[in-house]
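Below is one structure, written out as structure tokens; the observations come after it.
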Amino acid sequence: QVHIVESGGGLVQPGGSLRLSCVVSGNIFSFDLDWYRQAPGKQREMVASITDNGRTTYADSVKGRFTISRDNAKNTVYLQMNSLKFEDTAVYYCNFLQGRNAYWGQGTQVTVSS
């Protein structure tokens with residue numbers, strides 16, 4: 001079993017920054033992890049991904065502003081979000097990928113508002 005805890009969301013002004021964390025525990029070996037987000041009335045969007053060997057991928061909408069990284073010693077993946085915009089407001093979810101299994105976190109709310 002895998003347990004996922006997301007944190008770091010909150011209210012931030014446009015242009016501000018937040019760092020989201022996704023901590024995974026359980027029977028863990030090598031894993032990939034994606035960050036998704038979904039705003040009301042919009043489709044779920046993959047924001048960023050990182051493979052077990054550290055390869056990263058970003059959605060065009062966040063390139064140059066968001067950075068995904070991992071600390072394997074802590075089984076934690078981070079999403080550093082800079083230069084936040086109103087359009088970044090959404091619930092952000094971890095999608096933990098290990099072997100043929102996928103697990104979703106509970107989500108953390110990010111609200112960008114003046």
Item to complete: Check the hydrophobic clustering (I, L, V, M, F, W, Y; side-chain heavy atoms under 4.5 Å; chains of links allowed) and say if Y93 and Y78 are grouped together.
Response: no
Worksheet item: Same cluster or not: are M81 and V23 linked, directly or through other Ile, Leu, Val, Met, Phe, Trp or Tyr residues, by side-chain heavy atoms under 4.5 angstrom apart?
Response: no
Worksheet entry | Closest heavy-atom pair and its distance - Y58, A48 | CD2-CB, 3.7 Å
Item to complete: Could you verify whether a donor N or O on one side chain and an acceptor N or O on the other, from S61 and E45, lie under 3.5 Å apart?
Response: yes
Worksheet item: What is the minimum heavy-atom distance between I4 and C22, and which atoms define it?
Response: CG2-SG, 3.4 Å
Worksheet, complete the sentence: Heavy-atom closest pair (A39 atom, A90 atom, distance to 0.1 Å) is N-CB, 3.9 Å
Worksheet item: About how many Å separate OG1 of T89 and NZ of K42, when rounded to the nearest 0.5 Å?
Response: 9.0 Å
Fill in: Minimum-distance pair of heavy atoms, taken over all atoms of N95 and A102
OD1-CB, 3.8 Å
Discussion item. In the structure I gave you, are the side-chain heavy atoms of L84 and F66 within less than 4.5 Å of one another anywhere?
Written reply: yes
Item to complete: Measure the shortest side-chain to side-chain distance between L20 and T108 over non-hydrogen atoms and say whether it is less than 4.5 angstrom.
Response: yes
Practice prompt. Determine which pairs satisfy side chain to side chain donor-acceptor pair (under 3.5 Å) with at least one residue from residues 9-30, sequence neighbours left out, and list them in order.
Written response: S17-N82
Worksheet entry | For the student: nearest non-hydrogen atoms of G9 and V110, plus distance | CA-CG2, 4.1 Å
Item to complete: Identify whether the distance between the nearest side-chain nitrogen and carboxylate oxygen of D60 and K63 falls below 4.0 Å.
Response: yes
Worksheet item: Roughly how far, to the nearest 0.5 Å, is the CZ atom of R37 from the CD atom of E87?
Response: 8.5 Å
Fill in: Student check: side-chain heavy atoms of C94 and V77 closer than 4.5 Å
no
Practice prompt. Give a yes or no on whether V91 and V62 share a hydrophobic cluster (residues Ile, Leu, Val, Met, Phe, Trp, Tyr; joining criterion: side-chain heavy atoms under 4.5 Å apart).
Written response: no
Worksheet item: Does D32 have any salt bridge (charged side-chain N to carboxylate O under 4.0 Å, His left out) partners at least two apart in sequence or in another chain, and if so, which?
Response: none
Worksheet item: What residues, two or more places apart in sequence or in another chain, satisfy ring pair (Phe, Tyr, Trp, His ring centres under 6.0 Å) together with F31?
Response: F96
Fill in: Distance, nearest 0.5 Å, that separates CD of Q98 from CG of D52
9.5 Å
Item to complete: Look at the side chain of T76 and the backbone N and O of K74, then say whether any donor-acceptor pair between them is shorter than 3.5 Å.
Response: yes
Worksheet entry | For Q106 against E6, the heavy-atom pair lying closest together | N-OE1, 2.8 Å
Response to the item:
Rounded to the nearest 0.5 angstrom, the CG-OG1 distance for D88 and T111 is 11.0 Å
Response to the item:
So CG of L18 and CG of L11: to nearest 0.5 Å the spacing works out to 9.0 Å
Worksheet, complete the sentence: Value for CD (Q80) from CD1 (I68), rounded to nearest 0.5 Å, stands at 12.0 Å
Worksheet item: With the 4.5 Å side-chain cut-off for hydrophobic clustering, are V112 and Y36 part of the same group?
Response: no
Fill in: Shared hydrophobic cluster, M46 / I50 (ILVMFWY, side-chain heavy atoms < 4.5 Å)
no
